Amino acid sequence: MRSVPGRLSRLFDLGLWLVVCVPPVTAAVSPDGRDVLTAAVGVPLLGAAVALSRRWPLAALAVPVALSLTLDVQMSAPLYWTALVLFGYLAGQRMTTARPALWFFGAVAVVGLPLCALVLRDLWGWPMQLLTLLLTVGLPWLLGRYRRQYAELVGTGWRLADRLEREQQAVADRARIRERARIAGDMHDSLGHDLTLIAVRAGALELDPRLDARQQAAIGELREAAGAATERLREIIGVLRTDDEQPPRVPAAENAEALVERVRNSGVTVTLERLGDTDDLPPMAGLAVHRVLQEALTNAAKHAPGTAVHVRLVRGGALLGLSVVNDPATVAPLPGVASGGSGLVGLDERVRLAGGTLHTGSTPEGGFEVVAELPVAGGATPRTATATSAGELARARRQVRRRLVQTIVVPLAVLAGILLLMIPISFVSSSLSVLDRDRYEQLEVGDARSDVRPRLPVFTKDGPPDDAPPTPRGEDCVYYNTRTASADAYRLCFAHDRLVSKAIVGGSR
């Protein structure tokens with residue numbers, strides 16, 4: 001079963017063939033019937049052009065151009081104007097590139113000059129041919145070209161919208177994954193920090209000599225339970241499933257002082273030094289500072305229990321510096337406090353995403369330090385998909401306007417070029433159509449046309465003067481300039497290939 005688009009295409013081609021065949025067929029069935037041969041040749045050739053128009057639109061356009069040139073070198077015969085307009089429009093709409101069509105138009109224009117010189121023996125036929133080619137072929141081709149490009153831009157716009165929609169969905173999915181990972185990291189940092197402090201405090205109580213064996217055993221179980229809870233927390237954060245829950249941020253009431261005070265309450269000796277205003281920080285920098293400080297204090301409590309920790313927070317210009325340094329450990333880490341070894345790696349990634357750098361390592365004194373530098377000045381705003389689509393839309397609109405301007409300006413520029421071309425053609429044609437006075441006097445009425453032709457100029461004058469008398473019935477009259485750019489002219493009239501009259505006409509004679 002044939003598809004509906006295929007049947008519509010065939011119906012369109014059939015309608016196109018019928019439309020372009022109307023002028024020659026109408027001329028053939030007119031009372032005088034002078035164009036029967038023209039219709040007999042043109043109708044099947046136009047059918048072939050229709051058959052070629054979808055696959056080779058430029059070859060299809062060449063058919064009516066050739067028929068029009070054959071009928072009239074100036075292409076002024078209206079029998080094929082309809083075909084020229086329609087095939088020109090279809091060529092512009094169906095061709096993917098413009099260069100072949102421009103070469104074709106240039107070739108027709110160049111060939112037109114020798115055709116006018118040899119067939120019409122009149123250079124003024126060439127500007128007329130160019131003007132007809134512009135109006136019947138060039139302008140429709142530009143309109144078809146603009147229509148094709150507009151349709152392509154519309155299609156590109158829809159594809160861009162679909163792509164942006166898919167990209168936005170992918171961005172949302174990536175953001176959801178990142179938020180899940182951030183939630184998992186926040187749970188590990190926050191709850192792990194609290195559980196570690198519980199284990200640290202329980203470990204200190206377990207060693208208190210004032211407690212009996214039963215109480216120390218109970219506190220040891222509490223310490224082990226806190227360590228086991230920390231380990232289980234690390235295992236389950238990888239399968240976090242919540243989709244709609246808002247990810248945690250820095251606790252609203254917990255700044256650096258509150259965090260340090262909470263750690264002090266667990267029995268860790270911590271000193272805090274602040275230089276500059278560190279309260280009003282960008283969200284990414286504030287979160288990074290809180291997590292770095294939290295993780296560094298947790299690590300100090302885990303790996304160097306009982307040592308002093310020194311925190312220094314300095315803001316200078318566009319940078320914020322944070323250093324957490326603990327003294328050398330004097331005892332072994334508390335038993336039962338788990339450590340996954342990934343806290344510092346996560347901190348490095350968090351600081352990097354905030355645009356900063358992180359350095360960790362041992363101090364010359366044998367302690368351990370965590371040093372972070374973060375930018376706190378306003379950064380560049382990321383380019384969103386909405387901004388990208390707005391830019392693409394603006395470029396598409398500019399391209400449409402540029403094509404529309406070209407469709408209007410190009411024909412006007414070509415028309416201006418044709419008008420300028422008429423100036424040298426007028427001079428050349430006038431110079432080559434001057435009949436010498438002595439040769440004119442030597443011409444005798446009754447001379448055969450074949451004998452007169454060798455004594456005449458190469459080109460004829462571009463039509464009779466304005467006040468010349470009408471051409472007698474049954475005669476064929478030609479005109480020659482008496483001198484370059486003259487107002488009068490020699491008129492030679494022939495009948496039955498014999499010179500029947502000669503006269504000087506025009507110039508208010």
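In this text the structure is predicted, and so the values were computed from the model without any measurement.
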*Answer yes or no: is there a side-chain heavy-atom contact under 4.5 Å between Val111 and Leu69?*
no
*For Asp476, what residues pass the side-chain hydrogen bond (donor to acceptor under 3.5 Å, both in side chains) criterion, not counting sequence neighbours?*
Arg449
_Going by side-chain contact (heavy atoms from CB on, under 4.5 Å), name the residues that satisfy it together with Val22, two or more places apart in sequence or in a different chain._
Thr26
_Side-chain heavy-atom pair Leu58, Met95 within 4.5 angstrom cut-off_ = yes
*Once you round to the nearest 0.5 Å, how far does CZ of Arg455 lie from CG of Asp447?*
5.5 Å
*Is Leu499 close to Glu444 at the side-chain level, that is, under 4.5 Å between some pair of heavy atoms?*
no
*Minimum heavy-atom distance between Ala39 and Pro24, given as atom pair plus value*: CB-O, 3.5 Å
*Check step by step if side chain to side chain contact (heavy atoms under 4.5 Å, CB included) holds for Arg439 and Leu456.*
CA-CA 8 Å; Arg439 290 191 177 185; Leu456 298 178; over 6 Å; no
_Heavy-atom check, side chain of Ser433 versus side chain of Thr460, under 4.5 Å_ = no
*Quick one: CZ on Arg453 to CG on Leu492, what's the gap to the nearest 0.5 Å?*
12.0 Å
_Between Arg491 (side chain only) and Ala468 (backbone N and O only), is there a donor and an acceptor less than 3.5 Å apart?_
no
*Please collect all disulfide bond (SG atoms under 2.5 Å apart) contacts where either partner lies in residues 449-486, sequence neighbours excluded, each pair once.*
Cys477-Cys493
*Under 3.5 Å, is there a donor-acceptor pair linking the side chains of Arg291 and Gln294?*
yes
*Listed by chain and number, what are the salt bridge (Lys or Arg N to Asp or Glu O under 4.0 Å) partners of Arg498, not counting sequence neighbours?*
none
*Give a yes or no answer on whether the side chain of Trp17 reaches the backbone of Pro44 with a donor-acceptor pair at less than 3.5 Å.*
no
*Does the pair Leu374 and Leu322 meet the rule for a side chain to side chain contact (heavy atoms under 4.5 Å, CB included), with working shown?*
CA-CA 8 Å; Leu374 294 160; Leu322 170 65; over 6 Å; no
*With sequence neighbours excluded, give me every ring-ring contact (aromatic ring centres under 6.0 Å, His included) pair touching residues 45-102.*
none
*Rounded to the nearest 0.5 Å, how far apart are CG of Asp438 and CG of Leu443?*
11.0 Å
*Sub-4.5 Å side-chain heavy-atom contact between Gln129 and Leu113*: no
*Measure the spacing between CG of Leu16 and OG of Ser9 and express it to the nearest 0.5 Å.*
12.0 Å
*salt bridge (Lys or Arg N to Asp or Glu O under 4.0 Å) partners of residues 76-101, not counting sequence neighbours, each pair once*: none
*asked:* On a heavy-atom basis, which atom in Pro140 and which in Leu134 lie closest, and how many Å separate them?
replied: CD-O, 4.4 Å
*Sequence neighbours left out, what pairs pass salt bridge (Lys or Arg N to Asp or Glu O under 4.0 Å) with at least one residue falling in residues 47-75?*
Asp13-Arg54
*Does the side chain of Val137 come within less than 4.5 Å of Leu61's, by heavy atoms?*
yes
*Do Pro464 and Val505 have side-chain heavy atoms sitting under 4.5 Å apart?*
no
*Closest approach of Ser501 and Val445, non-hydrogen atoms and distance?*
CA-CG2, 4.3 Å
_Approximate separation, where rounding is to 0.5 Å, of Leu46 CG and Leu67 CG_ = 6.0 Å
_Let me confirm one number: the CD-NE2 distance from Glu295 to His290, rounded to the nearest 0.5 Å._
12.0 Å
*Can you check whether Leu293 reaches Leu313 side chain to side chain, under 4.5 Å on heavy atoms?*
no
*Backbone N or O of Thr132 within a donor-acceptor pair of the Thr136 side chain at under 3.5 Å?*
yes
*If you take all heavy atoms of Ala91 and Pro57, which pair is closest and at what distance?*
CA-CB, 3.8 Å
_Restricting to ring pair (Phe, Tyr, Trp, His ring centres under 6.0 Å), what partner residues turn up for Phe12, sequence neighbours left out?_
none
*Can you list the residues that meet the side-chain hydrogen bond (donor to acceptor under 3.5 Å, both in side chains) rule with Arg147, with sequence neighbours excluded?*
none
*List in chain and number order the residues that pass salt bridge (Lys or Arg N to Asp or Glu O under 4.0 Å) with Glu441, two or more places apart in sequence or in another chain; answer none if no residue qualifies.*
Arg437
*Can you name the nearest heavy-atom pair linking Val351 to Leu358, along with the distance?*
CG1-N, 4.1 Å
_Closest approach of Ala83 to Val20 (non-hydrogen atoms, all atoms of both residues)_ = CA-CG1, 3.8 Å
_Once ring-ring contact (aromatic ring centres under 6.0 Å, His included) is applied, what residue pairs with a partner in residues 461-493 remain, sequence neighbours excluded?_
Tyr440-Tyr490
*Report yes or no: does Lys461 contribute a side-chain atom to a donor-acceptor pair with the main-chain N or O of Ala489 at less than 3.5 Å?*
no
*Apply side-chain contact (heavy atoms from CB on, under 4.5 Å) to Ala109 and list each qualifying residue two or more places apart in sequence or on a separate chain.*
Leu130
